[in-house]
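Shown next, in structure tokens, is the structure this report addresses.
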Amino acid sequence: MPVYHLMEDRFRTALRRFLGERYGLDLPVAIERPPRLELGELATPIAFELARRLRRAPRQIAQEIASGLGPIEGVARVEVAGAGYLNAFLDRAQFFELAQELARGTAPAAASAASKVIVEHTSINPNKAAHIGHLRNAVLGDTFVRLEHFAGRPVQVQNYIDDTGVQVADVVLGFLHLERKSLEDVRRLAAEPQPRPNGAPESGKPDSGARRFDYLCWDLYARVTEFLEADPARLELRAQTLRAIEEGVGAESELAGIISTAILRSHLRTMDRLGIRYDLLARESDILRLHFWDAAFRQMTSRGVITRPATGKYAGCWIMALGDAPAEEGAEAEAKVIVRSSGTVTYVGKDIAYQLWKFGLLGLDFHYRTFSRYPDGSAVWTTASEDGEPNVPEFGRAREVYNVIDSRQAYLQNVVSAALRALGFEAAAAHSVHFSYEMVALTPRCARELGYELSAEDTQRPYVEVSGRRGFGVKADDLLDKLESAARAEVDARHPEDSEAVRAPIARAIAIGALRYFLLKYTRNTVIAFDFHDALSFEGETGPYVQYAIVRARNIFRKLAEQEPNPAPAPPAAAPGQSISALSAESRAKLLAGPEGDEFWELLLLAGSLGSQAAAATASQEPAFVAKFAFQLAQSFSVFYHRHHILSEADPVKKAFLVELVGFVASQLVAALALLGIEAPEKM
RNA sequence: GCGCCCGUAGCUCAGGGGAUAGAGCGUCUGCCUUCUAAGCAGAGGGUCGCGGGUUCGAAUCCUGCCGGGCGCGCCA
């Protein structure tokens, strides 16, 4: 357990024990951070709460607790302040020692298979290039995965691929009827090598896009939408195409396979640029072919979860009742259609079957095959309908499932958990989490910059929605390219002496840092109004600001090694966490006292709070907390860096102490960025 | 009509019962011969949408308005 978190825990435990022994009370104790350092490091307003119950003045109660509490390990003293706050002051030197000790042994807690977590994210329809909205989904999901992993829980990452849906059908229809391409034509287009396999920008200019298959489909999809809107009779064409794909027959089905697989590969490539990886690609076509729905249907009918009314507006459909209050006489009860009167299943129906599978409650399983491998050899698996490979890891059977889906689908996600609950799977229903977030929209200004025409009404709005259907939005790779060339220009200006091989990865790390931080700094339920000005910024509250703080810290170690090549008081950049000087506890305590010591202490305390910040982020499923923390710590470090010149410090003991402090802070900054999926370059 | 979310500095957002409400951007003024100025320091900027209520204490909880967003299909 990280150090600040541990101290919180000890303080809380001591308080609860005292409350129980003295007053016979068992109540939750809120621990907070006092507003100023003079008031200590931990505080609780518990005396106010007790004042009501005990009918005594809060200050008097606080006094009683403070004197009766007894010693707490790591806490120097407890004081009463204000109208009745209890403030704890930590033993600073001990905190520092403990913090470094704990930071060194970072082996995550033994992962227990019983607590397996599935996180599903990305899940882009495989019929067009990924856009900025998809990036928010993937980055949030991926960061949550990192947080779960950090907490020591086994996580499996799934990406749901709707390869038999309307969106793919539309592009199939487009190739066949608008483009009049043959199967072979499309196969050739789809097989065309990507111009930038590793995402390196060509001469700083975004790729023209004309050749890229995912970009080509992006445009075609928009044209198909127009084509279908122009004459509603054409919808029959779509219905036919969709039916053929679902049944797995004809050229339509084969085309759907070619298109969805090629697009999926480009999505994986795009996400790989951002450090986002998957364990399993779960394909809709396999859910259909393995008849998952039939198994779910049997469960739902046999337990009476869905019924088929003979009359009324739902006559002939299988419906699930929603809401517990029976509807008034005459009014239709609130219900959701699961099977249409035509006998076909709705989207939610399939989703219920899939959700049951995730918990191991369906009674059926997929076959599995290796889809591709990452450079390090780890496999991305895909579901299959037959011919599975042997020696497959166990998929599904999770205890908790997080579905990263935007907030517009809240209603449908509720229907899915309601179905699990109605089936009697209470625990699964309770652990089916809709990891909800708001969409990414464009500011009207940004939309105009992109050349989209806006209605007078849209211009007045705070933001306008992106629409893959209309081809309206910022493509993920275009944005990444833009960021990389902007970062590259900065790097070139600063490090003209370095070779291409040195500069390119730095620019890439900065671009990713800027993008991931930008998408993570907003809390989930805030609509991001996207604007190039903010997204392309490398200053202020941004990823590069945090990266820069780390680079500065590393420079200190680098220069230090040049100054004194032999003694190596602290190893440089590679492992800043393991600074081990022979500082005595007394020296540390002395340097952490007094006005200047307060300054160091504040920085140390903040750096030691990473664990509790990460825990808060995990508990509330809010990655933005980690982003905020990383920025605050970087900010505190920047101030410290500016005020204290370490290399020129004359006092060797103090110098060793400062080096140790910088090492610890840098290690926590690196760890915080790693949680966000951001790397710190060696220089920038 | 019903449900969910939001309204905090000029702009974009944190804070979601507790001590003097914060940050970034933008504006203005300083600081590079010193570990990288992608930085630091300072100034200016607030009826926390409005009205009631609960509480020792409300930006935070309840309620009613006002304004904005998103859902609510035998689409996915």
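Atom set for the values below is all heavy atoms of this structure, side chains included, hydrogens, waters and symmetry mates excluded. From a predicted model like this one, the values you see are computed outputs, not experimental measurements. Throughout, protein chains are lettered first and strands after them, A, B, ... in sequence-line order, and every chain is numbered starting at 1.
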Exercise. Where the side chain of Met684(A) is defined as all heavy atoms beyond and including C-beta, which of rA19(B), rA38(B), rG71(B) is the nearest nucleotide?
Worked result: rA38(B)

Exercise. Checking all strands, does Val546(A) fall into the base, sugar-phosphate, or nothing category for heavy-atom contacts under 4.0 angstrom?
Worked result: nothing

Exercise. Would you say His645(A) stacks on rC35(B), if stacking means ring centres under 5.5 Å apart and planes within less than 30 degrees?
Worked result: yes

For this session: Check every atom of rA19(B), rC6(B), rC13(B) against the side chain of Lys628(A) and return the nucleotide holding the closest atom.
Result: rC13(B)

For this session: Could you please name the option among rC5(B), rC74(B), rG68(B) that lies closest to any side-chain atom of Asn525(A)?
Result: rC5(B)

Exercise. Where the side chain of Asn555(A) is concerned, which of rA76(B), rC35(B), rC5(B) is the nearest nucleotide?
Worked result: rC35(B)

Exercise. Does a salt bridge link Glu490(A) with Arg494(A), judged by any charged N lying under 4.0 Å from a carboxylate O?
Worked result: yes

For this session: For Gln635(A), answer base if it contacts any base atom (sugar-phosphate contacts may also be present), sugar-phosphate if it contacts only those atoms, and nothing otherwise; contact means non-hydrogen atoms under 4.0 Å.
Result: sugar-phosphate

For this session: With heavy atoms under 4.0 Å as the rule, sort Arg643(A) into base, sugar-phosphate or nothing.
Result: nothing

For this session: Check every strand shown and say whether Asp534(A) touches a base, only sugar-phosphate, or nothing at a heavy-atom separation below 4.0 Å.
Result: nothing

Problem set entry | Under 3.5 Å on both distances, the Watson-Crick or G-U partner of rC2(B) | rG71(B)

Exercise. Under 4.0 angstrom, heavy atoms only, what part of the nucleic acid is Tyr545(A) near: base, sugar-phosphate, or nothing?
Worked result: sugar-phosphate

For this session: Please confirm whether any donor atom in the side chain of Asp170(A) sits under 3.5 Å from an acceptor in the base of rA76(B), or the reverse.
Result: no

For this session: Report which part of the nucleic acid Asp406(A) touches: base, sugar-phosphate, or nothing (heavy-atom distance under 4.0 Å, all strands).
Result: nothing

Seminar exercise, completed: Of the candidates rA19(B), rA38(B), rG18(B), the side chain of Ala43(A) sits closest to rA19(B)

For this session: For Tyr411(A), report the nucleic acid contact type (base, sugar-phosphate, nothing); a contact means any heavy atom under 4.0 Å.
Result: sugar-phosphate

Exercise. Nearest of rC70(B), rA19(B), rC56(B) to any side-chain atom of Arg461(A)?
Worked result: rC70(B)

Problem set entry | Sugar-phosphate only, base, or nothing, as touched by Phe625(A) at under 4.0 Å among non-hydrogen atoms | sugar-phosphate

For this session: Carefully, step by step, assess Tyr517(A) and Phe631(A) under the rule side-chain contact (heavy atoms from CB on, under 4.5 Å).
Result: CA-CA 10 Å; Tyr517(A) 191 94; Phe631(A) 175 66; 3.2 Å; yes

For this session: Would you indicate what Lys521(A) reaches in the nucleic acid, counting non-hydrogen atoms under 4.0 angstrom: base, sugar-phosphate, or nothing?
Result: nothing

Problem set entry | Syn or anti conformation of rC61(B), syn meaning chi within 90° of 0 | anti

Exercise. Among the nucleotides rC5(B), rA38(B), rA76(B), which one has an atom lying closest to any side-chain atom of Thr346(A)?
Worked result: rA76(B)

Exercise. Which is true for Gln460(A) with a 4.0 Å heavy-atom rule: it touches a base, it touches only sugar-phosphate, or it touches nothing?
Worked result: nothing

For this session: Could you tell me whether Tyr522(A) contacts a base, only the sugar-phosphate backbone, or nothing, with contacts defined as non-hydrogen atoms closer than 4.0 Å?
Result: sugar-phosphate

Problem set entry | Among rG15(B), rC74(B), rA76(B), the nucleotide that comes nearest once only the side chain of Val166(A) is considered | rA76(B)

For this session: For Ile510(A), answer base if it contacts any base atom (sugar-phosphate contacts may also be present), sugar-phosphate if it contacts only those atoms, and nothing otherwise; contact means non-hydrogen atoms under 4.0 Å.
Result: base

For this session: Write down the partner of rG39(B) under the Watson-Crick or G-U wobble criteria, each distance required to be under 3.5 Å.
Result: rC31(B)

Seminar exercise, completed: Which of rG69(B), rG18(B), rC40(B) is nearest the side chain of Tyr85(A)? It is rG18(B)

Exercise. Crowded around Glu497(A) CD? As in, over 12 foreign heavy atoms under 6.0 Å?
Worked result: yes

Seminar exercise, completed: Thr526(A) has its side chain closest, among rC13(B), rG68(B), rA38(B), to rC13(B)

